Asker: 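Dropping a structure here in structure tokens format, bear with me for questions.
Source: prediction; values computed, not measured. A note on names: the letters A, B, ... follow the listed sequences, proteins ahead of strands, and every chain is numbered from 1.
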There are 2 protein chains.
Amino acid sequence: MTRKQRATLSDVASKAGVSPVTVSRAIRHPEMVSEKLRERIDNAVRSLGYIPNHLASALASHRTNIVGVIVPSLTNGVFDDYLAAIQDVFSLANIQVLVTNVRYSAEKEEKAINTLLGYHPEAMILVGVDQTENSRQMLTNAGIPVVQTLDLTDNPIDLNIGLSHDAAGFAAVEYLHKQGHESIAHLTARGDPRSQQRHAGYQRAMDAFGLSSKGLVALTPRISTVQLGRRLFAEVLDRQPKVDAVFCCNDDLALGALFECQQRGIRVPEDLAIVGFNDLEFCAASVPPLSSVGTERIQMGKWAAQNVLEIIRGSGQRPEMRQVNTGFTIHERGSSMPAHKNVPDTPEIPKNKASATG
Amino acid sequence: MTRKQRATLSDVASKAGVSPVTVSRAIRHPEMVSEKLRERIDNAVRSLGYIPNHLASALASHRTNIVGVIVPSLTNGVFDDYLAAIQDVFSLANIQVLVTNVRYSAEKEEKAINTLLGYHPEAMILVGVDQTENSRQMLTNAGIPVVQTLDLTDNPIDLNIGLSHDAAGFAAVEYLHKQGHESIAHLTARGDPRSQQRHAGYQRAMDAFGLSSKGLVALTPRISTVQLGRRLFAEVLDRQPKVDAVFCCNDDLALGALFECQQRGIRVPEDLAIVGFNDLEFCAASVPPLSSVGTERIQMGKWAAQNVLEIIRGSGQRPEMRQVNTGFTIHERGSSMPAHKNVPDTPEIPKNKASATG
DNA sequence: AGTGCAATTGACAGCGCTTTCATTTGAAAC
DNA sequence: GTTTCAAATGAAAGCGCTGTCAATTGCACT
């Protein structure tokens, strides 16, 4: 482990026999430097193993090339795709994404925003719309583009792309009800604001269809896991053996419910229908495959990133659409497919999508 | 969106009627400033919404409070736990973790290392030991602690914690062989160097026990998914119907294999035993629960972070152990449990663990 | 040679903060 | 009221880079 200082611009400049500015230019705008010098400088860079100090560069240029992204979880497969979509867009523009995982805590989110703003990101991309007043204040003061994603709000900080989780919850129940189910259970995690919205949608639908949800809802404050799905559904089954369908606030819980049915010899979908949420990859692979409410998580990440990019690197104009509703899609599969239906693959119930402008 | 400049240290200083240095101190070492001033300064900070510029601070102090972490994937549940463990350690020390996902590409890894070093991280934590020569060079030149994790090498860049995936692969096969299985298949992803090692261990064991692996190995260049596990195992089943066990290079593939068996009416474990790798959460929840080779991913992340912290913030001494083998544990569950065994929960086959010093 | 102009190159200041060292202040001790 | 010394505060320099503008160079054209 050599302890010698890392090479700086000046080091490269001396070695190449030019001034530091020229080195800076040779690196950032090669076309502005004569070929002769450029070559000498490239050699010096290589031989010294010079790597520009991003911090100094950011400080001097007021361009940090950093965008802050805050997610509530990584354990959940949802955010992988979402993050990947964001990174893909930014990596092409040489923008570094600073990701912070706040584990579904608004308090941690507030702290994370504070910390991230210390890096002077050129924009911030957030999940959800439930930031604290303090967080909103800090973000507004920062004077940078802010995108709230994966959920919708009437009062966005800046840009907003997402869907109504309440509507999605409603639609899931509506779908199950149309299949003839009456005793529709719901498994949900209360730590997640969006799951709460789905729960609200579930309840709204149950009420609307005159169905009772008594004893049919299992709620956990913990992070969702497959194991937990089994336990929660076991609770419901023990309480209300006549349950004939279950809508889960995410696919992990749904898979757990499926396993619990397998364990108990409950036939899916004949005895019981299951619908999950998010449409993660494994839904299509299980036996029977799990029906699930899919969201446009990749599109949402992409939109957020692309709009940010357009604002900070493009015309600087705000997009016309300041709010987009990406809707959702019910992917109907074997876990909820009535026997008489015989659709080959993954038929889709038309999206509930409606764009709103801001 | 206010476009006014963000407040600086000087702004706060003027507002509070003190010099900038004092503000700096009031923020970093409150005990060095008189109570009266500290209060005045705190008020000024609050009323201006001042957030220190981390970049300037890092540049001036030569402390970036940044640690770079490179992971090959986020889709895989393994890295969530691992990352969370790392973040937990560093967040207490107010160190920001800069994560880059390189999607199992050594080339991307090289680029990521270059980029991250531009932020002058105080340490780097990597996954695996297969960095390019160039990468190794850059890391060495950087003169910071480097930890290679999740795998072992005879020639570490600096610190190293992990396990022998070859040994783990061997042990999985050995275990299955001891259960009386002879026709042991293997599903594997060739994009991942550690999976390749497990594959090598599998092959080594098959050879050692005089078993033929002909037609029993299914290999994919793609990212593992449950769906893919089904497809790969389907291939094997179609080729070699007499297969009586399968060792999968990760749990996603194993779950897929289980589903494929369910689909085909193959009884697990009676007709066929399944063993996965990583022991993700869902393994214990499936029906039957999946046996899996568990690794100490959380411990590895924690060790890496703690040692880094000790070096950069503590005594500066290198730990005595420069290399640690965390071994692995075969979690024997229903998917491979012979009928006559009747152990209640998750019995463990003793760890293959042996620490080496460096 | 001399002029004009674009293409190259360099000097200098400063980004917002911390470090170091000098100065001031205040309180205790005589 | 001094003296003494620690505690509190401030002034100045500089981290490594970029932005701006000035200086130089090269070259075509008179």
Asker: Any Lys/Arg nitrogen of Arg318(B) or Glu310(B) sitting under 4.0 Å from an Asp/Glu carboxylate oxygen of the other?
Answerer: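 Here Arg318(B) does not pair with Glu310(B) in a salt bridge, since their nearest N and O are not under 4.0 Å apart.
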Asker: Examine the side chains of Gln148(B) and Gln131(B) and answer whether a donor and an acceptor come within less than 3.5 Å of each other.
Answerer: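 Present: a donor and an acceptor within the cut-off.
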Asker: Give the rounded distance in Å between these two atoms: OH of Tyr50(B) and P of dG16(C).
Answerer: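 One finds 10 Å between P of dG16(C) and OH of Tyr50(B), rounded.
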Asker: In terms of side-chain heavy atoms of His62(A), which of dC17(D), dC15(C), dC17(C) is nearest?
Answerer: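 The closest nucleotide is dC15(C).
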Asker: Is the closest side-chain donor-acceptor distance between Gln299(B) and Thr326(B) under 3.5 Å?
Answerer: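 Distance-only check fails for Gln299(B) and Thr326(B).
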Asker: Side chain of Ser61(B), heavy atoms from C-beta onward: which of dG16(C), dT18(C), dC17(D) has the nearest atom to it?
Answerer: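 Within the option list, the nearest is dT18(C).
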Asker: Please give me every residue in residues 9-39 of chain A whose heavy atoms get under 4.0 Å of an atom in DNA chain D, ordered by residue number.
Answerer: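 Here the set is Leu9(A), Val21(A), Ser24(A), Arg28(A).
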Asker: Starting at NE2 of His120(A) and ending at P of dG16(C), how long is that distance when rounded to a whole Å?
Answerer: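 Taking NE2 of His120(A) and P of dG16(C), I get 8 Å after rounding.
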Asker: Would you say that more than 12 heavy atoms from the other residues, nucleotides or ligands in this model lie under 6.0 Å from the NZ of Lys302(A), or not?
Answerer: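 No, NZ of Lys302(A) has 12 or fewer neighbouring heavy atoms, counting only those of other groups under 6.0 Å.
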Asker: Looking only at side-chain atoms of Leu59(B), point me to the closest of dC17(C), dC15(D), dC15(C).
Answerer: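 The answer is dC15(D), which lies nearest to the side chain.
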Asker: Decide, yes or no, whether a salt bridge links Asp88(B) with Arg103(A) under the criterion of side-chain N to carboxylate O below 4.0 Å.
Answerer: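 Salt bridge between Asp88(B) and Arg103(A), a charged N being under 4.0 Å from a carboxylate O: yes.
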Asker: Write down the distance between OH (Tyr119(B)) and P (dC17(D)), rounded to a whole number of angstrom.
Answerer: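 Interatomic distance, OH of Tyr119(B) to P of dC17(D): 14 Å.
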Asker: Judged by modelled atom types alone, do Arg313(A) and Asn65(A) share a side-chain donor-acceptor pair under 3.5 Å?
Answerer: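 Indeed, the side chains of Arg313(A) and Asn65(A) share at least one donor-acceptor pair under 3.5 Å.
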Asker: How long is the line joining CZ of Arg63(A) and P of dG19(D), in whole Å?
Answerer: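 Distance, rounded to whole Å: 9 Å.
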Asker: Looking at five pairs on each end of the helix from dA1(C)-dT30(D) to dC30(C)-dG1(D), what is the angle between the two axes, given to 10 degrees?
Answerer: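 It works out to 40° between the end axes.
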Asker: I want to verify a distance call: between dT18(C), dG16(C), dG16(D), whose nearest atom is closest to the Ser57(B) side chain?
Answerer: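 Among the listed nucleotides, the one closest to the side chain of Ser57(B) is dT18(C).
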Asker: Whether the side chain of Asp11(A) engages the backbone of Thr8(A) through a donor-acceptor N/O pair (distance < 3.5 Å, no angle test) should be reported.
Answerer: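 Flag set: sc Asp11(A) to bb Thr8(A) pair under 3.5 Å.
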Asker: Without hydrogens or angle criteria, can the side chains of Arg136(B) and Thr140(B) be said to hold a donor-acceptor pair below 3.5 Å?
Answerer: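 Absent: no donor and acceptor within the cut-off.
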Asker: Would you say the side chains of Arg40(A) and Asn43(A) form a donor-acceptor pair under 3.5 Å?
Answerer: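 No, because no side-chain N or O of Arg40(A) sits under 3.5 Å from a partner of the opposite role on Asn43(A).
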